[in-house]
Protein chains: 2
Amino acid sequence: MQRLTVSTSEALDRFISRVSRRSPLSDDEAAALLALPATIQRARGNADIVSPGELVEQSCLVVDGMLGRFVQMVDGRRQITAMYVAGDMCDLHSVVVPRADGALQALSNVVVLRIPHDDLRRIAKRYPAIVEAFWRDCVVDASIQSVWMANMGRLDAKARMAHLLCEIGTRLEHAGVAKRDRFAFEATQSHLADALGLTPVHVNRTLQDLRSTGFVAIGNRRVEISDWAALAAIAGFDPAYLHLDQDTVSAATAWRHAPASRA
Amino acid sequence: MQRLTVSTSEALDRFISRVSRRSPLSDDEAAALLALPATIQRARGNADIVSPGELVEQSCLVVDGMLGRFVQMVDGRRQITAMYVAGDMCDLHSVVVPRADGALQALSNVVVLRIPHDDLRRIAKRYPAIVEAFWRDCVVDASIQSVWMANMGRLDAKARMAHLLCEIGTRLEHAGVAKRDRFAFEATQSHLADALGLTPVHVNRTLQDLRSTGFVAIGNRRVEISDWAALAAIAGFDPAYLHLDQDTVSAATAWRHAPASRA
DNA sequence: CGTCACTTTGAGACGAGTCAATGACCGTGG
DNA sequence: CCACGGTCATTGACTCGTCTCAAAGTGACG
């Protein structure tokens, strides 16, 4: 599944095409992004890419695999507050707030591109459309966080799990690396537990529950969703909050919908 | 409690002084912010300032009172994903993502200043330090959201409540409108429930539990914290994530701590 | 002085956590 | 080639935090 040869420009290309769908860029601006210097880094699952409290000096573009941002309590319990897939620039926010609040950790074997803040700041300064794009990217990240928070507060385990699967699928498809209903998923059940605010044991039972509906097969490091509509209904999934394209969301549909199963 | 006469420049002043503590601004830049046109708006508790799905065209600076950002499910359940106090510019993110994901609602009687996006964009374009300050403000908001998410996922009701009280107190003191252990708090128990992912009934019981410790007196639209250290210990509160000042946080203390009560 | 919003109380139900053990898989080294 | 250790998935029995439903109490305001 993992590419063995990765060109820097190929990875940047994916980022640029994703970003430019919500923040239009001129040829000059795209070229400036493409010319960014970057160093490739590989890491195994559970390796720290950024350690908590660290003073970060480069941002991190995901080429392959999945990463998570962790907030950790001293008793060892932790919460994943964001997940990043190929094409995502995690840590873009560290350009303006370099002190990391939490860890950035690989959830699978990953390939990332590290891009110095200095270079990002340089092109941000030269091209106003690029700062705006970066700023917007951070705001959309926050929008995703809001939805995660609402789900944790107001949905049960099954709906939260279904929602996460729908979101990851949608984001992977948008990034052009998989179909939304059929993708590699290497994170463990413990990772899912940390992302959903559950225990690994309960994640396991929740997955069995979902499998038994027949809507989704998950296991063997893959997810296969056989009935997307049904899964989305359980989750109350409405992709508007991902802001995948430039404000295509009409006022009427910008609401999130509660799961149909809780009538 | 509520001021009857509010000058626009006085409110902007508070915003500028708060922002400039984490994003240093030149005199020119501060002057540009101070010269922003704004219209005063008053609203009663539970009034929508921004409706979900709306296309927002102005941002909103809190002069007095408290506001919340809501994500709502169609079955009526809702989650507060952010709370804003005096000096906060809520909706700054709407400058780059104008379609509102959720509602912005008054949690008490409020006075806000509405500032057109066009004007914010104009000065953001002219002064790079200002875009950076705005971007940073949004990133800090997201940092706060991360901590809320971690708390919802990994702390029990009592610790979550204690944490929220510590956070609001700290932010109010930083904004210069109250002391952190003694402040007006007009939000209802239902609002607290929506913010913490609980039911109003359980919020009530949790407050009784906290009151019985003697560390905090809450009621009558006021909060009085008699033992800050004890409350902070219950919450595992470490204000580093608020990024109140320009990176004063050392790597060693950037971790959040788990509540001492759960040893 | 009644209405309305908010707070408080009680009893019972249920979702999720805890603890503990077993099972499946996989890479590694003897 | 197989025994080993490690990580991850699964299961069972029991506990506990929080929800639900319902009702009553409090206080502000017209």
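Everything numeric here is computed off the predicted structure, so don't read it as measured data.
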Exercise. Counting only side-chain N and O atoms of A:Q208, is one of them less than 4.0 Å from OP1 or OP2 of D:dT10?
Worked result: no
Exercise. So with a 6.0 Å cut-off around CZ of B:R221, is the heavy-atom count from everything else above 12?
Worked result: no
For this session: Report which part of the nucleic acid B:R211 touches: base, sugar-phosphate, or nothing (heavy-atom distance under 4.0 Å, all strands).
Result: sugar-phosphate
Exercise. Hey, mind stepping through A:H191 and A:T188 against side chain to side chain donor-acceptor pair (under 3.5 Å) and telling me if it holds?
Worked result: CA-CA 5 Å; A:H191 291 142; A:T188 66; 3.3 Å; yes
For this session: Let me know the distance between CG of A:L198 and P of C:dG17, rounded to the nearest Å.
Result: 5 Å
Seminar exercise, completed: Whether each nucleotide of nucleotides 21-30 of chain D has a protein heavy atom under 4.0 Å at its base (B), only at its sugar-phosphate (S) or at neither (-) is summarised, 5' to 3', as B---------
For this session: Rounded off to whole Å, could you give me the CG-to-C1' distance for the A:D209 and D:dT11 pair?
Result: 16 Å
Problem set entry | Candidate pair B:W148 and A:Q145, rule side chain to side chain donor-acceptor pair (under 3.5 Å), full reasoning | CA-CA 10 Å; B:W148 282 35; A:Q145 276 195 21; over 6 Å; no
Problem set entry | Divergence of helical axes at both termini of the helix from C:dC1-D:dG30 to C:dG30-D:dC1 - five pairs an end, 10° steps | 30°
For this session: Mind checking side-chain contact (heavy atoms from CB on, under 4.5 Å) for B:T39 and listing every partner two or more places apart, or none if nothing turns up?
Result: B:R114
Exercise. Contact class for A:L207 vs. all strands (heavy atom < 4.0 Å): base, sugar-phosphate, or nothing?
Worked result: nothing
For this session: Mind calculating the distance between NE2 (B:H191) and C1' (C:dA5) to the nearest angstrom?
Result: 11 Å
For this session: Pick base, sugar-phosphate or nothing for A:G45, based on heavy-atom distances below 4.0 Å to the nucleic acid.
Result: nothing
For this session: Give, for atom CZ of B:R171 and atom CE of B:M66, the distance between the pair rounded to the nearest 0.5 Å.
Result: 9.0 Å
